[in-house]
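Okay, structure first, notes after.
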Amino acid sequence: MRSVNMHDAKTNLSRLVEEAAAGEPFIIAKAGRPMVKVVPLTEEDATLSRVGFMIGSIDVPDDFDTMGAEEIRRLFEGS
């Protein structure tokens, strides 16, 4: 697997990411020491980062925007 130094990785990041996404992973090294491995996302990884992936997992009460309103009012007003 190819190793790229930090400076070259910063300079050529777009190209390197495109190559990694196409199946050519690489390692970024700093002062010759391997730091990270860049690999393409799997279909599962890409799905988890999608907005709304937890739909159906969390229940929000219908009165969410007014829950505790009376108590909050009392705390602010001191009554």
Side-chain angles (χ1 to χ4, degrees):
M1 182 174 305
R2 169 173 62 150
S3 181
V4 179
N5 72 43
M6 189 73 72
H7 176 74
D8 289 341
K10 289 193 296 186
T11 302
N12 301 298
L13 185 60
S14 290
R15 179 180 56 79
L16 291 167
V17 168
E18 289 294 328
E19 291 173 3
E24 298 179 40
F26 63 96
I27 293 172
I28 298 176
K30 183 175 183 180
R33 186 173 144 242
M35 300 293 289
V36 297
K37 180 178 177 182
V38 180
V39 298
L41 290 176
T42 64
E43 188 67 34
E44 182 180 324
D45 293 333
T47 301
L48 291 177
S49 65
R50 195 178 66 228
V51 172
F53 73 94
M54 292 188 71
I55 290 176
S57 301
I58 300 171
D59 292 321
V60 178
D62 291 335
D63 64 343
F64 176 78
D65 57 341
T66 58
M67 287 175 47
E70 193 59 36
E71 182 180 356
I72 293 170
R73 184 187 60 74
R74 278 194 311 272
L75 289 169
F76 274 100
E77 294 176 358
S79 53

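Note that the structure is predicted; figures quoted are calculated from it, not measured.
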Between [X] and [Y], is there shared hydrophobic-cluster membership here, with clusters defined by ILVMFWY side-chain heavy atoms closer than 4.5 Å?
{"X": "L13", "Y": "V4", "answer": "no"}
{"X": "V36", "Y": "F26", "answer": "yes"}
{"X": "V38", "Y": "M6", "answer": "yes"}

**Message:** Quick check: closest heavy atoms across P25 and M1, and the distance to 0.1 Å?
**Reply:** O-CG, 3.6 Å
**Asked** So does D62 have more than 12 non-hydrogen atoms from other groups sitting under 6.0 Å from CG?
**Response** no
**Asked** Partners of E77 by side chain to side chain donor-acceptor pair (under 3.5 Å), sequence neighbours excluded?
**Response**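 Expected list: R73.
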**Asked** Considering residues at least two apart in sequence or located in another chain, which fulfil the side chain to side chain donor-acceptor pair (under 3.5 Å) criterion with R33?
**Response** none
**Item:** Donor-acceptor under 3.5 Å (N5 side chain, D8 main chain)
**Value:** yes
**Prompt:** Heavy-atom distance under 4.5 Å between the side chains of R2 and L16, does that happen here?
**Reply:**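 When only atoms from C-beta onward are counted, L16 and R2 do touch, with a gap below 4.5 Å.
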